[in-house]
Amino acid sequence: MKHVGRRRRQLTFMLIPDANRRIAQWKIPMIALYIVPCALVLAVAVASFAVYSRFQQIQVDRAAMENRLSLQINRLQQSQDEKKDRITELQNQLIDLSSQADQFKERLDRVKELESELGDIANTSDALSGLQLSALDGAGGQAAQEQIGGEALPVTERSVDLLADDTRNHFNQLSTELESSISNIATYEQIILEKQHQARITPSIWPTISHLITSRFGIRRDPFTSAPTFHSGLDIAGRQGDPVYATADGKVTFVGYDATHGNHILIDHSGGIVTHYMHLSRILVGKGDEVSKGDKIGLLGSTGRSTGPHVHYEVIKRNQPIDPTPFLKG
Ligand SMILES: [Zn+2]
């Protein structure tokens with residue numbers, strides 16, 4: 001190797017393989033001596049930078065991935081906590097529901113008592129007696145606040161399932177019982193309403209304020225002729241102008257005057273029952289009027305075939321006069 005020339009400096013590489021063979025030689029410009037190492041250094045630097053950049057990128061990606069995972073774990077944890085809270089809340093609601101079923105049972109027992117009382121009333125001969133139902137006062141509806149305490153043992157899923165089943169069965173049973181009670185009560189209500197209606201259309205009160213019977217139903221000596229005659233009603237003596245009442249709900253079918261009955265009124269109570277009020281000094285209703293038991297329909301007098309102020313009161317059943325006395329109360 002030697003330097004050749006000043007201007008064009010070169011390096012010459014020679015290869016001498018053997019004495020008899022040709023010498024191989026290469027000339028390389030001197031400048032290559034600087035460029036090649038520089039290029040090598042540059043290449044290494046570029047490669048290092050690339051590796052470093054890639055490494056940095058991997059680090060950043062890893063950090064981001066870790067971040068995402070951490071967020072997801074947090075979210076899962078939070079969701080699990082929320083689910084746990086929700087399960088606890090549901091379990092508590094189930095316990096409340098179970099205790100409500102017990103309270104409901106107490107109220108249902110009260111309804112059954114009332115049902116039984118109603119049944120008794122519906123089955124008595126008089127709908128108006130025994131109507132003194134003890135009021136549904138809500139007694140037993142609120143369970144007393146008990147003093148509770150003791151060890152707090154965690155519940156198992158099995159015990160919660162059992163409680164849920166029990167509660168469901170309890171409510172189903174109560175619901176069935178309630179349906180039955182409602183059906184019975186509706187039946188009793190119909191019976192009682194019918195009995196009340198019957199009571200309203202049955203002549204059962206005195207036709208005036210006086211209760212002084214001067215002539216009963218049946219065969220008697222006629223006050224005018226003294227001959228035995230049939231008296232088809234009750235004579236109740238009173239003061240002139242005393243009120244005369246409708247003895248049951250009904251419809252006025254006749255008002256008028258004749259020499260025998262004087263001013264008189266007929267009321268049809270349906271079911272083949274009619275009442276007849278005679279010898280009135282005044283008539284206060286018109287034909288076709290609907291009247292209620294106890295309504296004032298006229299004033300007591302002595303018109304027609306009468307010896308003094310009284311009301312002749314008749315009850316007619318299927319066109320036959322019957323004795324009103326057994327119906328009269330008090
Ligand atoms: Zn009479």
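We count ligands from 1, going down the list as the structure has it; atoms in each ligand are counted the same way.
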- Message: I'd like to know whether the aromatic ring centres of Phe49 and Phe55 sit less than 6.0 Å apart in this structure.
- Response: no

- Message: the Zn ion (ligand 1) and His231: any N/O/S contact shorter than 2.8 Å?
- Response: yes

- Note on the structure: the Zn ion (ligand 1) has as its nearest N, O or S atom from Asp235 the atom OD1

- Specify which N/O/S atom of His312 comes nearest to the Zn ion (ligand 1), by atom name. ND1

- Item | His231 versus Ser215, side-chain donor and acceptor atoms under 3.5 Å | yes

- How are the rings of Tyr313 and Tyr277 set to each other: parallel, tilted or perpendicular (split at 30° and 60°)? tilted

- Message: If you count heavy atoms of other groups shown closer than 6.0 angstrom to CG of Asp61, is the number above 12?
- Response: yes

